[in-house]
Amino acid sequence: MKHFRKLVFVLFSMTLSLGALAATVNINAADAETLSKELKGIGPVKAAAIVEYRKHHGAFSSPDQLTQVEGIGVKLLELNRARIVVREQE
C-alpha cells in the first residue's frame, strides 16, 4: 500500500508539472486561429472579437482588459489567466 501511495503521488505531481507547461498566448500578437486553439472556451467567434477589439482600441495593457471584449467575462478570463501574456507585438 505504501508503494501505491508513492506512485499516485508521483503521477499526480507529473500531471501538475505538465499543466504548468501549457502554452502561453500573447493576446497582442496572436491571430484568431491561435487564440481559438490555445485558450479554453474561446472559439472562432470570440477569437475574432478579440482581434477586432485590438484593431479598434490598440494593444491590451493587461489580461483584465479582455473582459471589455463582447462575450468574454470574468469567468472566462480566470479560466485562461495563466495562459495569457501581454507583450507588445513582436
Side-chain angles (χ1 to χ4, degrees):
M1 189 60 138
K2 186 177 179 181
H3 294 300
F4 179 74
R5 285 186 192 157
K6 284 184 180 181
L7 178 61
V8 169
F9 177 77
V10 169
L11 291 174
F12 180 73
S13 297
M14 289 174 59
T15 302
L16 290 178
S17 296
L18 290 175
L21 295 176
T24 58
V25 179
N26 180 4
I27 59 173
N28 286 328
D31 60 12
E33 182 180 346
T34 301
L35 292 166
S36 179
K37 184 175 109 181
E38 298 297 335
L39 298 178
K40 295 178 181 180
I42 303 292
V45 173
K46 288 180 184 170
I50 292 169
V51 172
E52 282 302 309
Y53 182 92
R54 195 171 64 205
K55 284 181 185 176
H56 293 293
H57 300 280
F60 292 96
S61 58
S62 75
D64 295 301
Q65 197 176 359
L66 271 178
T67 60
Q68 296 176 12
V69 177
E70 188 172 336
I72 299 179
V74 174
K75 287 183 181 180
L76 198 52
L77 171 63
E78 292 306 322
L79 181 64
N80 289 291
R81 187 175 291 278
R83 296 172 179 267
I84 296 170
V85 295
V86 178
R87 293 189 299 261
E88 290 186 34
Q89 285 190 349
E90 298 159 354

Side-chain polar contacts of residues 63-72 - donor-acceptor pairs under 3.5 angstrom, sequence neighbours left out - could you list them?
unit_1	atom_1	unit_2	atom_2	d
D64	OD1	R81	NH2	2.6
Q65	OE1	S61	N	2.7
Q65	OE1	S61	OG	3.2
T67	OG1	D64	O	2.9
Q68	OE1	Y53	OH	2.5

Fill in the blank from the handout: When every non-hydrogen atom of F60 is compared with those of V86, the smallest separation belongs to O-CG1, 3.0 Å

Return all side-chain donor-acceptor pairs below 3.5 angstrom for residues 32-44, not counting sequence neighbours, or 'none' if the list is empty.
unit_1	atom_1	unit_2	atom_2	d
T34	OG1	D31	OD1	2.7
S36	OG	I42	O	3.4

Handout entry: Non-neighbouring partners of V45 that pass side chain to side chain contact (heavy atoms under 4.5 Å, CB included), sequence neighbours left out
Key = none

Exercise for the section: List for me each residue that meets salt bridge (charged side-chain N to carboxylate O under 4.0 Å, His left out) alongside K55, sequence neighbours excluded, and say none if there are none. Expected result: E52

Completion exercise
Residue pairs meeting ring-ring contact (aromatic ring centres under 6.0 Å, His included), one or both in residues 63-86, sequence neighbours left out, come to none

Handout entry: Single-linkage hydrophobic cluster, 4.5 Å side-chain cutoff, L79 and L77 together
Key = yes

